[in-house]
Amino acid sequence: MASDQEDNSERVKRLLGKPGNGNCADCGAADPEWASYTLGVFVCLSCSGLHKNIVRISKVKSVLLDPWSASEVELMESVGNNAAKAKYEKIVPAFYYCPTYKDCTLLKDQWIRAKYERKEFQYVERQEPYSAGYREGFLWKRGRDNGQYLSRKFILSEREGVLKYFKKHDAREPKATMKINTLNATFQPTKMGTAQGLQITYLKDNSTRNIFVYHEDGKEMVDWFNGIRAARFHYLQVAFPGALISDLLPKLTRNYIMEGYMEKTGPKHTEGFKKRWFTMDERRLMYFKDPLDAYARGEVFIGSRENSYSVHPGLPQNTQGYHWQFGITIKTPDRKFLFACETDEDQKDWIAAFQTVINRPMQPREYAVEAYFKHKP
């Protein structure tokens with residue numbers, strides 16, 4: 001005869017088969033094996049670790065390995081992921097970034113804290129830091145030339161349609177003004193070496209400019225990120241009045257399709273190959289001497305197959321001057337671009353990234369970008 005303990009264990013395991021409980025309540029990862037027995041939600045191993053940061057509110061244990069009491073199982077039966085979602089995510093703004101298991105720890109941690117600790121999505125007034133349309137504060141910004149991080153005042157204004165920063169705290173004129181219509185923001189903890197690192201990009205004279213910022217307070221950084229998304233969302237709603245919200249959301253911010261080191265040679269294919277950091281952002285392939293450079297050394301437009309763009313493994317015969325053995329050739333209507341990767345795996349990943357872009361039909365606005373690249377001075 002099964003003991004009460006075994007019976008409780010079987011009851012909680014069966015709950016994983018209920019609708020909503022088969023994915024992590026916080027990041028959506030499949031087959032969660034942990035649970036918060038105070039909140040009544042099933043979570044993955046990664047998110048269970050983040051729940052330990054809010055131990056006053058959430059206490060976690062393993063569904064498969066830990067003992068369960070009858071009262072704990074009863075709470076899990078009475079709540080579950082779907083009911084918890086209806087309560088804790090009742091009024092999540094459309095623009096707010098809800099992280100997945102693929103996202104960085106900071107986004108997941110602040111999402112969990114916003115839901116359960118700060119209850120931001122139950123009380124709309126608690127969303128003001130990122131939904132008010134105006135935000136002002138100080139961030140550590142990386143210097144363009146010396147790489148030092150210095151405190152800079154930033155202002156985000158939906159009314160003006162800009163994000164700007166000031167070199168001195170009492171300065172009247174901004175050092176740089178970034179228009180919301182070309183703004184992007186993406187967290188870069190590995191590249192920047194800090195969990196709160198945010199890369200902001202915008203177009204200046206149709207070339208990409210990078211700004212790297214962080215703040216010691218994770219909430220502050222995620223509020224800036226969602227403030228930028230809110231400003232972009234409201235700009236796009238005005239710019240495209242008939243568009244569906246579901247069509248606008250992917251345009252608010254974007255992660256890069258691919259980043260990493262490759263070697264490249266010049267247009268004559270006679271120069272020696274040089275190691276550069278590459279970033280694939282939509283149809284712009286940019287290369288930098290250093291991953292944290294403010295400006296790209298060059299940009300290449302990658303169009304679609306219908307417009308005579310293609311990618312091929314390997315390099316043309318008689319190519320010389322490369323150190324890495326795994327070549328890639330990109331053919332455009334005007335010329336070939338030659339690259340070399342350090343490993344076979346890198347080569348496959350880059351070819352897959354290029355193929356994804358090339359297989360996608362070009363949008364009307366992308367033809368204008370292509371035309372600019374062709375006539376770039």
A.B. asks: Go through the side-chain N and O atoms of Y309 and E370 and say whether any donor and acceptor fall under 3.5 Å apart.
C.D. replies: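 Indeed, the side chains of Y309 and E370 share at least one donor-acceptor pair under 3.5 Å.
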A.B. asks: Kindly indicate whether the side chain of T194, heavy atoms from C-beta on, has any atom under 4.5 Å from the side chain of P189.
C.D. replies: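 No, their side chains stay 4.5 Å or more apart.
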A.B. asks: Does the pair K348/E345 count as a salt bridge with the N-to-O cut at 4.0 Å?
C.D. replies: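 Judged by the 4.0 Å cut-off on N to carboxylate O distance, K348 and E345 do not form a salt bridge.
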A.B. asks: Side chains of H234 and E158: do they bring a donor and an acceptor to under 3.5 Å?
C.D. replies: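 The criterion, which ignores hydrogens and geometry beyond distance, is satisfied for E158 and H234.
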A.B. asks: Hydrophobic cluster membership, with links at side-chain heavy-atom distances under 4.5 Å among I/L/V/M/F/W/Y: are F187 and L50 in one?
C.D. replies: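 As far as the 4.5 Å side-chain criterion goes, L50 and F187 are not connected within one cluster.
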A.B. asks: Rounded to the nearest 0.5 Å, what's the gap from CZ on R126 to CD1 on I91? Could you check?
C.D. replies: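 Reported value, rounded in 0.5 Å steps: 10.0 Å.
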A.B. asks: Output, in order, the C-alpha distance, side-chain angles, deciding distance and verdict of side chain to side chain contact (heavy atoms under 4.5 Å, CB included) for L139 and W224.
C.D. replies: CA-CA 10 Å; L139 298 173; W224 273 104; 3.7 Å; yes
A.B. asks: Are the aromatic ring centres of Y322 and F339 under 6.0 angstrom apart?
C.D. replies: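 Distance test on ring centres: not under 6.0 Å, no.
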A.B. asks: Tell me whether the centres of the aromatic rings in F138 and F154 are closer together than 6.0 Å.
C.D. replies: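 No, the ring of F138 stays outside the 6.0 Å limit from the ring of F154, centre to centre.
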A.B. asks: Check whether M192 and Y202 end up in the same hydrophobic cluster, where Ile, Leu, Val, Met, Phe, Trp and Tyr are linked by side-chain heavy atoms less than 4.5 Å apart.
C.D. replies: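 No; tracing contacts between hydrophobic side chains, which count when under 4.5 Å, never links both residues.
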A.B. asks: Does the Q127 side chain pair with the main chain of E120, one donor and one acceptor, at a distance under 3.5 Å?
C.D. replies: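 Answer holds: yes.
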A.B. asks: For the pair R283 and Q363, evaluate side chain to side chain donor-acceptor pair (under 3.5 Å) and give the outcome as yes or no after the intermediate values.
C.D. replies: CA-CA 11 Å; R283 292 193 182 274; Q363 302 296 314; over 6 Å; no
A.B. asks: Could you measure the distance from the CZ atom of F326 to the OG1 atom of T343? Nearest 0.5 Å is fine.
C.D. replies: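 Taking CZ in F326 and OG1 in T343, the distance rounds to 6.5 Å.
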A.B. asks: If the test is side-chain hydrogen bond (donor to acceptor under 3.5 Å, both in side chains), which one of K275, E263, K274 qualifies with H323?
C.D. replies: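 It is E263, the one option of K275, E263, K274 that forms the side-chain hydrogen bond (donor to acceptor under 3.5 Å, both in side chains) with H323.
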A.B. asks: So, T279 and E259: side-chain donor and acceptor under 3.5 Å apart, yes or no?
C.D. replies: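 Yes - a donor-acceptor pair under 3.5 Å links their side chains.
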A.B. asks: With rounding to the nearest 0.5 angstrom, report the CG to SG distance, D103 to C27.
C.D. replies: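 Atom-to-atom, D103:CG and C27:SG are 9.0 Å apart.
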A.B. asks: Mind checking whether P93 and F121 have side chains closer than 4.5 Å, heavy atoms only?
C.D. replies: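 Heavy-atom side-chain distance check passes, below 4.5 Å.
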A.B. asks: In terms of the angle between their ring planes, are Y116 and H51 parallel, tilted or perpendicular, with boundaries placed at 30° and 60°?
C.D. replies: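 The arrangement is tilted - the two ring planes meet at 30° to 60°.
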A.B. asks: For the residue pair F95 and Y130, does the interplanar ring angle fall in the parallel (under 30°), tilted (30 to 60°) or perpendicular (over 60°) class?
C.D. replies: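 F95 and Y130: perpendicular rings.
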A.B. asks: So that I know where these two stand, are F288 and Y295 an aromatic pair - ring centroids less than 6.0 Å apart?
C.D. replies: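 Ring centroids of F288 and Y295 are no less than 6.0 Å from each other.
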A.B. asks: Could R284 and E299 be called an ion pair, given the rule that one side-chain N must be under 4.0 Å from one carboxylate O?
C.D. replies: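 Salt bridge: yes.
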A.B. asks: If only atom types and distance count, is the side chain of S48 paired as donor or acceptor with the main-chain N or O of L45 below 3.5 Å?
C.D. replies: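 Yes.
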A.B. asks: Quick check against the 3.5 Å criterion: does S151 have a side-chain atom that pairs as donor or acceptor with the backbone of W140?
C.D. replies: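 Such a contact is absent between S151 side chain and W140 backbone.
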A.B. asks: Can you confirm whether the side chains of Q199 and K191 place a donor and an acceptor under 3.5 Å from each other?
C.D. replies: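 Yes, side-chain donor-acceptor contact under 3.5 Å.
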A.B. asks: Can Y261 and E342 be said to form a side chain to side chain contact (heavy atoms under 4.5 Å, CB included), step by step?
C.D. replies: CA-CA 8 Å; Y261 283 107; E342 188 174 15; over 6 Å; no
A.B. asks: Which atom pair, heavy atoms only, marks the closest approach of A25 to V41?
C.D. replies: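 For A25 and V41, the tightest heavy-atom pair comes out as CB-CB, 3.8 Å.
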A.B. asks: Is there a donor in the side chain of D293 and an acceptor in the side chain of N210, or the other way round, less than 3.5 Å apart?
C.D. replies: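 Looking only at side-chain atoms, N210 and D293 do not form any donor-acceptor pair under 3.5 Å.
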A.B. asks: Can you name the closest pair of heavy atoms from F273 and Q320 and give their distance?
C.D. replies: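 In this case the closest contact between F273 and Q320 is CE1-O, 3.5 Å.
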A.B. asks: Please report the interatomic distance NZ(K108) to SG(C24), rounded to the nearest 0.5 Å.
C.D. replies: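 It comes to 8.5 Å.
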A.B. asks: For a side chain to side chain contact (heavy atoms under 4.5 Å, CB included) check, start with the C-alpha distance between K164 and M178, then their side-chain angles and the critical distance, and finish with the verdict.
C.D. replies: CA-CA 6 Å; K164 48 192 175 183; M178 301 157 254; 5.6 Å; no
